[in-house]
Amino acid sequence: MLSARKIPRACQSCRLQLLSLFENGFTNCVPANTARARYSSTQFQTRPRTLPYRQTASRAFSTTRIRAEEPKVDQPKAVGGIDAGIEAVVMQARQTFGETLPKDYLSAEEYVIYERLYGPPLRETKPEDLEYLPEGEEKVDPDKVRNVLLRQNDQGEYEEVEFDPELGYSVMEEEMPSEETDEMYLGNEQVLAEDEALAGELEQAEEGENIVEDYDEGVLVSEDVDENAIRVQGRNQREIDAIARLQLDMDAALAQPLEEEEEEMDEEYEEDEEEMEEDEEEEDDGVWISSDAVRTHPHTMTGRSGTYPTTLTFPKETFLAPISELLARANTKHITETAERVFGGKGLPYSASVPASKKMLPQKNIGLDAMQHKMSEIEADAYLAAVMPGTFASITNTLVEVRKRLGAQWVRDLIFREGGEGPRVLDAGGAGAGVIAWREILQAEWDVMRDEGLVEGEQVPHGKTSVLTGSSALRHRISRFLEDTTFLPRLPEYMPGPSTTPHLDRNLNQPRKSYDIIIAPHTLFPLKEDFRRKNMVQNLWSLLDPNGGVLIIIEKGLPRGFEAIAGARSLLLDTHISSPGETAFENEIQSPNSEKARFTKKEEGMIIAPCTNHLKCPMYPVPGFSSGRKDFCHFPQRFIRPDYLQKVLGAKIRNHEDAKFSYIAVRRGVDARKTSPNPLQGEEATLQSLVGYEAYDLPESGVEIDTEPSDVKFEPLNLPRIILPSLKRRGHVTLDLCTPSGKLERWTVPRSFSKAAYRDARKSSWGDLWALGAKTRTFRSPRLGRGGEEGGKIKGIRDGKMGKGGKKMKKKHFDMIMGKEGVAEIKEAGIAGRLVKREKRTKGGRIWKEPKPLGEDD
């Protein structure tokens with residue numbers, strides 16, 4: 001803002017504004033200059049300057065001249081009979097302190113008027129409510145300042161005009177003569193009189209400026225006395241006294257002993273330490289609580305399937321680094337050409353995963369099999385680059401689901417089997433990918449046990465591992481990064497029969513080799529004949545440990561792959577795994593003298609995943625091939641592509657891929673359903689799942705819900721599984737489920753059903769188990785295609801033999817004419833034959849009759 005010294009240099013509008021400020025005082029605005037009157041906490045005080053109050057009307061934007069108004073002698077009283085002086089004090093208090101008020105600042109009469117006008121104050125004014133002004137203004141460099149005015153030209157536009165502040169008018173190249181200046185004021189005596197009056201007022205303003213300058217010097221002296229003084233603007237002596245009391249309170253607060261502050265800081269530090277200790281205790285207990293886990297129901301967390309995070313990243317040391325080193329020896333262009341030749345061209349549709357753009361191609365198995373005996377060097381590299389990543393992702397997803405359903409104790413028992421010997425694992429078809437995935441599961445459980453103090457050491461004992469590799473080129477490559485592994489050229493086949501039967505040389509059979517875990521990815525789809533698939537499944541089952549061995553069969557997520565898995569499931573349930581009411585199966589006896597018993601007792605066992613029942617698969621009611629199948633059980637697993645796979649595919653947009661697969665995991669010799677606390681099976685389990693387990697059998701750390709005690713126990717093996725991505729709509733979520741009763745159903749979970757269920761349903765994923773129930777339930781018929789419908793009829797084909805275009809072919813009948821020596825003649829029967837031949841008559845004129853064919857009575 002311009003000071004009083006620069007008033008002659010200012011424009012006429014600024015002059016009038018400065019005159020108004022000098023007339024009404026500088027207390028109506030908050031100045032930014034430190035040279036204004038301020039209050040200091042020091043003993044230095046100045047006599048407040050009083051200026052005559054002159055009420056001026058607000059000036060509107062106008063081109064007319066404004067004239068100074070004469071002071072009005074008779075001021076009207078305020079509305080309501082309130083004294084104008086009291087009202088002014090109250091208004092100043094409101095303007096100064098806002099919605100707060102210092103203690104004993106107003107008298108009783110003034111406080112009544114304050115409450116009448118503004119209501120009671122919110123609270124008592126505190127020292128921190130004061131407005132602290134900056135200590136000083138930044139000095140402006142006069143060389144960088146431009147003095148510019150805007151002037152309107154003839155076209156109505158504004159242009160900048162520089163002027164000299166020392167002169168007060170625009171700068172011209174030639175000075176205006178004094179004669180022209182006198183001519184400007186000729187005939188305008190009124191303007192000269194106004195300028196003389198304005199000059200007199202400016203002289204009075206200069207006197208006021210001198211007072212301000214004297215006051216500024218006192219402030220500067222006070223600042224030298226106390227550098228920490230806080231200056232607050234005051235309007236009158238009452239405000240200054242109130243602010244002084246607040247300043248004393250501020251000084252008392254600042255003078256608080258440092259010991260008390262340190263005690264408070266120590267208390268806060270101790271509280272923070274206690275919180276950190278609680279967090280560490282939670283971490284020590286092995287419980288890591290994420291934001292999603294806090295909001296998600298505990299039973300929903302138990303039912304979730306798949307890896308965490310959902311996008312799988314391959315281990316670098318055991319998978320990416322060794323394979324990348326092996327592939328670096330070959331040219332990427334050669335590997336790409338070989339992979340496209342073997343696996344179906346661009347996108348590699350005949351590898352472990354099928355891209356979305358190649359779904360309409362014929363469904364085929366993987367172009368290279370790990371158990372095939374002939375494989376070139378470059379084909380082995382193409383197998384490592386194109387097939388191993390997808391196979392590893394699907395096996396990892398399946399192993400994680402099996403570990404969740406069987407629990408951590410199952411893995412720990414395998415680690416400590418026979419005094420720490422470790423589990424026996426067979427990888428039949430994964431070329432080592434299943435072994436690497438299983439070792440990652442073991443290592444994760446070992447790390448948890450080491451944190452709990454149960455074991456010592458960094459490396460978990462891997463046990464005995466065997467891998468089927470028929471090709472020597474592939475076996476040499478895999479042996480580079482799989483240690484302590486036995487490589488088998490083919491799957492051992494054992495003849496069914498007791499091991500005590502002696503041979504001709506009086507030697508007994510060798511004891512049958514057994515495994516705790518058998519992982520068989522992509523082994524059934526390449527076999528086209530059904531009897532070969534059954535032989536493979538029975539052979540794998542015979543290699544399982546009868547005391548809890550786990551068999552995992554995985555195929556590509558296609559209808560043909562699902563049919564192979566569903567056929568293996570039906571075979572195991574029909575001939576090996578006992579179910580309630582079906583503990584034996586009937587053998588096919590060729591002759592009455594056969595040594596085979598008519599009925600064979602089934603073994604104990606269970607399906608771990610994905611099915612939660614031992615009934616007939618609702619998506620596979622009719623065995624065999626089905627064209628155009630829409631509903632088939634399969635699940636996805638997303639993974640980050642390795643660099644070498646990204647180069648082989650030539651992908652530049654995204655680096656992730658979804659491997660879809662169908663699988664079944666069974667356990668031999670142990671049926672967890674018999675020892676389960678929840679004995680519900682079939683339709684009873686489905687009805688209880690429809691009600692939901694939201695308020696039943698909650699863990700100790702769960703949310704406490706006021707419900708009556710119940711005998712309902714939560715068991716994940718009795719829950720329905722989500723078989724398709726959930727349909728999320730506004731206000732409700734629709735889930736497609738395969739229920740424990742062996743049916744496909746569609747459940748709807750609206751927001752009105754349950755807040756927790758609705759939230760978890762929107763967060764559910766494809767393949768999860770659903771435990772929080774639903775509001776509505778509808779049955780859903782599976783879309784089986786043209787070959788899987790009831791009766792085995794094919795759409796568009798009539799009954800009978802099929803001809804060209806699916807037309808029905810006429811049946812031809814032949815008659816055999818028997819003579820004395822046997823069959824005399826075979827000819828076609830029918831009306832056509834009789835119409836073509838002419839009638840024959842005997843000598844007597846009778847119609848000649850053909851010999852009758854041999855009938856049933858002859």
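Any value given below was found using the heavy atoms of this structure, including those in side chains, with hydrogens, waters and symmetry copies removed.
Summarising the geometry, atom OH belonging to Tyr663 is positioned 9.5 Å from atom CD1 belonging to Ile608; distances are rounded to the nearest 0.5 Å.
Residues Leu540 and Leu491 meet the side-chain proximity criterion, which asks for heavy atoms closer than 4.5 Å.
Counting heavy-atom neighbours within 6.0 Å of Asp447 CG, excluding the residue itself, gives a total above 12. Remark: Glu529 CD is packed, more than 12 non-hydrogen atoms of other residues, nucleotides or ligands lying under 6.0 Å away.
Salt bridge annotation for Glu555-Arg560: absent, with no cationic side-chain nitrogen under 4.0 angstrom from a carboxylate oxygen.
Checked against Arg450 for a side-chain hydrogen bond (donor to acceptor under 3.5 Å, both in side chains), the options Glu458, Glu456, Glu445 give a single hit: Glu458.
Taking the six-membered ring for Trp, His462 and Trp446 have ring centres at least 6.0 Å apart.
Taking Lys374 as the reference, nothing meets the side chain to side chain contact (heavy atoms under 4.5 Å, CB included) condition, with sequence neighbours excluded.
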Kindly indicate, with the supporting measurements, whether the criterion salt bridge (Lys or Arg N to Asp or Glu O under 4.0 Å) is fulfilled by Lys464 and Glu418. CA-CA 12 Å; Lys464 298 179 180 180; Glu418 296 183 2; over 6 Å; no
When the side chains of residues 404-411 are checked against the rest of the protein, which donor-acceptor pairs come out under 3.5 Å, sequence neighbours left out?
{"from": "Lys404", "atom 1": "NZ", "to": "Arg304", "atom 2": "O", "distance (Å)": "3.1"}
{"from": "Lys404", "atom 1": "NZ", "to": "Gly306", "atom 2": "O", "distance (Å)": "3.2"}
{"from": "Arg405", "atom 1": "NE", "to": "Glu401", "atom 2": "OE2", "distance (Å)": "2.8"}
{"from": "Arg405", "atom 1": "NH1", "to": "Thr302", "atom 2": "O", "distance (Å)": "3.3"}
{"from": "Arg405", "atom 1": "NH2", "to": "Thr302", "atom 2": "O", "distance (Å)": "3.4"}
{"from": "Arg405", "atom 1": "NH2", "to": "Arg304", "atom 2": "O", "distance (Å)": "3.4"}
{"from": "Arg405", "atom 1": "NH2", "to": "Glu401", "atom 2": "OE2", "distance (Å)": "3.3"}
{"from": "Gln409", "atom 1": "NE2", "to": "Asp413", "atom 2": "OD1", "distance (Å)": "2.9"}

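The backbone N or O of Arg477 sits nowhere less than 3.5 Å from a side-chain atom of Arg480 that would complete a donor-acceptor pair.
Side-chain polar atoms of Thr583 and Ser578 form no donor-acceptor pair below 3.5 angstrom.
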